[in-house]
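First the structure, in the form of structure tokens, and then the observations on it.
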Amino acid sequence: MLRFYAYLDFLALGVSVAVIFWLRNLRRRSGVPPGPPGRGLLSDNRAELQASGKPRWVVFDRWAKQYGPIFSVRLGLRTEIVITDTQVAWDLLEKRGDIYSSRPRNIVGGEILSKNFRGVFAPYGDRWRKFRKVLNIGLSGKQALTYRQFQALESCLLLEDILQDPASFTHSMERYSMSTAFAVSYGSRIRTAEDRIVKEHDESFAALAQAVIPGRYIVEHIPALLYLPKCLQWFRWEAEARHEIDVRLLSSYLHQVRDKMDQGSVKECLSSRILSMKLPAGYTEAGVAYAAAAPYTAGVDTTSATLHVFMLAMLHYPDVMKKAQAELDSVVGRERLPTFEDEDFLPYCGALIKEVTRWRPIGPLGVAHAVTRDDYYNGYYIPAGSTVWGCIYSMAKDERIFPQAEKFRPERFLETTDPRLVDFTLPFGFGRRFCPGMHVALQSVYIIIVRILWAFDVVPAVDAAGQPVLPDSEAFVQKSIVRQPAPFKFLLTPRGPEVAKMVEMEASEAKEMLKEWE
Ligand code: HEM
């Protein structure tokens with residue numbers, strides 16, 4: 001009998017907890033921006049998202065048409081707010097940046113595996129502020145100029161690779177992006193994708209990617225598990241072991257830079273700049289090691305994916321390619337490769353680059369922000385702790401700003417005085433979390449695009465019947481938070497007899513000069 005009452009007590013406790021959760025959920029839902037009704041006690045929207053078989057941003061874009069430019073979705077216990085309009089993004093993520101600049105809590109990937117040192121996941125606060133300060137020392141617009149020589153030299157090797165074997169584009173592009181990121185961080189280059197450094201980074205990145213998969217760890221839903229004795233927190237064991245390996249690895253790169261600085265043989269880079277300055281108070285060696293590694297974590301897939309979008313666009317819009325090539329021929333001529341010094345005289349190429357980043361944004365949902373205080377916007381309640389997505393995918397195809405948005409039309413950036421287009425930075429995110437690597441990224445994108453256009457026609461591959469095959473411009477594969485066009489075939493035809501000679505000569509000189517980074 002006693003046991004029966006114990007069961008009843010237990011049941012009553014369970015029911016009360018469920019009711020409290022439900023009421024709390026109802027209260028929190030009341031007043032939040034409208035959204036799809038969802039299923040179950042929690043009005044959960046996960047099932048609809050999964051059943052759609054589409055990427056989240058496509059479903060969000062559809063829901064925006066039904067619920068407006070700011071709406072809410074329920075994902076498990078979390079309320080997430082989605083913004084699909086640039087004005088709303090400006091009002092909240094930029095103007096109210098003091099409360100909209102955090103990241104959703106990520107216990108295993110952010111707090112345990114990275115100890116909040118990995119700035120991209122770090123919550124808004126002192127540690128993140130120091131991270132940005134340190135990054136700014138090596139990635140600001142002015143500092144980025146010092147990496148141009150390296151980027152120009154590496155681009156010659158990329159041209160040589162694809163001249164010899166156009167099918168190696170993806171491989172060469174990835175090597176270029178890794179080498180540039182590593183040189184920006186540590187002043188040394190990566191010669192081949194088989195390099196030990198690449199393997200070490202891949203392992204570290206794979207562990208991180210696993211740790212941040214939503215829903216993988218129960219502790220993300222029940223943070224109270226963190227009150228268990230540490231030895232019983234099973235989700236902690238693997239992540240802590242990986243953290244130790246990461247700190248050793250990243251510190252060893254930093255020590256190599258320090259040694260080179262002592263010998264006077266270091267190439268200027270983010271690490272050398274950080275090591276020569278007075279660090280913000282309380283900034284540890286581990287903090288420095290993680291900050292110095294940020295270009296590799298955030299700059300490789302993003303740069304490579306953007307250049308794949310460029311290839312895709314050229315296959316679908318040969319007239320745009322011809323127009324950019326005509327500009328290059330008239331400004332640069334056929335006697336030399338284009339350089340960074342030509343940039344101001346190549347407005348159409350500049351507009352083409354902006355259109356590459358707009359047409360198929362490679363980070364369609366950017367990186368989630370989180371709001372740190374309860375807030376109200378246009379009569380809606382936005383509860384503290386909500387995840388807030390700036391849906392770049394929807395904003396980039398807003399017909400009011402980008403008429404005929406589906407078309408790849410660089411002219412849209414030349415025919416306007418609208419500051420949102422003149423100074424087009426939407427693909428790089430919002431407010432205080434805005435991408436700190438934008439200048440370095442755009443330098444890579446510029447030098448590779450203008451050099452490929454100068455040297456080659458990008459043309460469709462042909463099928464067995466000799467018919468051109470155009471790849472699906474909507475087919476993408478997801479790589480962490482970045483998407484890249486699904487593998488596609490194309491041909492590169494040198495634009496004249498001078499190309500092979502010029503590329504080989506430039507590549508051979510570049511190889512000599514790049515020895516300084518080895
Ligand atoms: C075309 C290439 C790139 C694109 C489109 C891009 C885009 C973005 C976006 C959308 C964000 C999130 C901003 C937000 O939270 O609102 C971001 C963050 C970030 N990006 Fe980039 N990025 C690119 C290249 C790079 C490169 C080359 C680097 C490093 C050299 C870099 C470093 C970072 C870092 C460290 C963050 C985290 C900032 C923070 O949380 O405070 N990115 N990027």
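Along the sequence shown, the residues carry numbers beginning at 1. When a ligand or atom number is given, it counts from 1 through the structure's own listing order. Quick caveat, the model's predicted, so the values are computed rather than measured.
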Min heavy-atom dist L135 to ligand 1 below 4.0 Å: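 In this structure, L135 qualifies as a contact of ligand 1 - some heavy atom is under 4.0 Å.
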Residue-ligand contact F121/ligand 1, heavy atom below 4.0 Å: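 Checking ligand 1 against F121, which is what was asked, there is no heavy-atom contact under 4.0 Å.
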Side-chain (R175) to main-chain (I190) donor-acceptor, under 3.5 angstrom: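 Confirmed, R175 side chain pairs with I190 backbone.
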Aromatic plane relationship, F413 with F402 - under 30° parallel, 30 to 60° tilted, over 60° perpendicular: tilted
Plane angle bin for F117 and Y290 - parallel if under 30°, tilted between 30 and 60°, otherwise perpendicular: parallel
Considering only heavy atoms, which of [options] lies nearest to [atom]?
| atom | options | value |
| --- | --- | --- |
| atom 10 (C) of ligand 1 | P427, G437, S444, A298 | P427 |
| atom 30 (C) of ligand 1 | P295, S101, G119 | P295 |
| atom 23 (C) of ligand 1 | V184, T302, T357 | T302 |
| atom 40 (O) of ligand 1 | R103, R132, R129 | R103 |

May I ask you to identify, for [X], whether its side chain, its backbone, both or neither come under 4.0 Å of ligand 1 on a heavy-atom basis?
| X | answer |
| --- | --- |
| H369 | side chain |
| I362 | side chain |
| T306 | side chain |

Could you verify whether a donor N or O on one side chain and an acceptor N or O on the other, from [X] and [Y], lie under 3.5 Å apart?
| X | Y | result |
| --- | --- | --- |
| W389 | E80 | yes |
| Y100 | D375 | yes |
| D61 | Y393 | no |
| S444 | Y176 | yes |
| Y317 | E355 | no |

Checking a contact table here: which protein heavy atom is nearest [atom], and how many Å away?
| atom | answer |
| --- | --- |
| atom 12 (C) of ligand 1 | V367 CG2, 3.5 Å |
| atom 9 (C) of ligand 1 | F428 O, 3.7 Å |
| atom 34 (C) of ligand 1 | P436 CD, 3.4 Å |
| atom 26 (C) of ligand 1 | G299 CA, 3.5 Å |
| atom 13 (C) of ligand 1 | R433 O, 3.3 Å |
| atom 21 (Fe) of ligand 1 | C435 SG, 2.3 Å |

Carboxylate-amine/guanidinium proximity below 4.0 Å for D126 and K130: yes
Within-cut-off N or O pair, F430 and ligand 1, under 3.5 Å: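 Yes, F430 has an N/O under 3.5 Å of an N/O on ligand 1.
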Derivation and outcome, ring-ring contact (aromatic ring centres under 6.0 Å, His included), residues F169 and F490: CA-CA 10 Å; F169 180 75; F490 55 87; 5.7 Å; yes
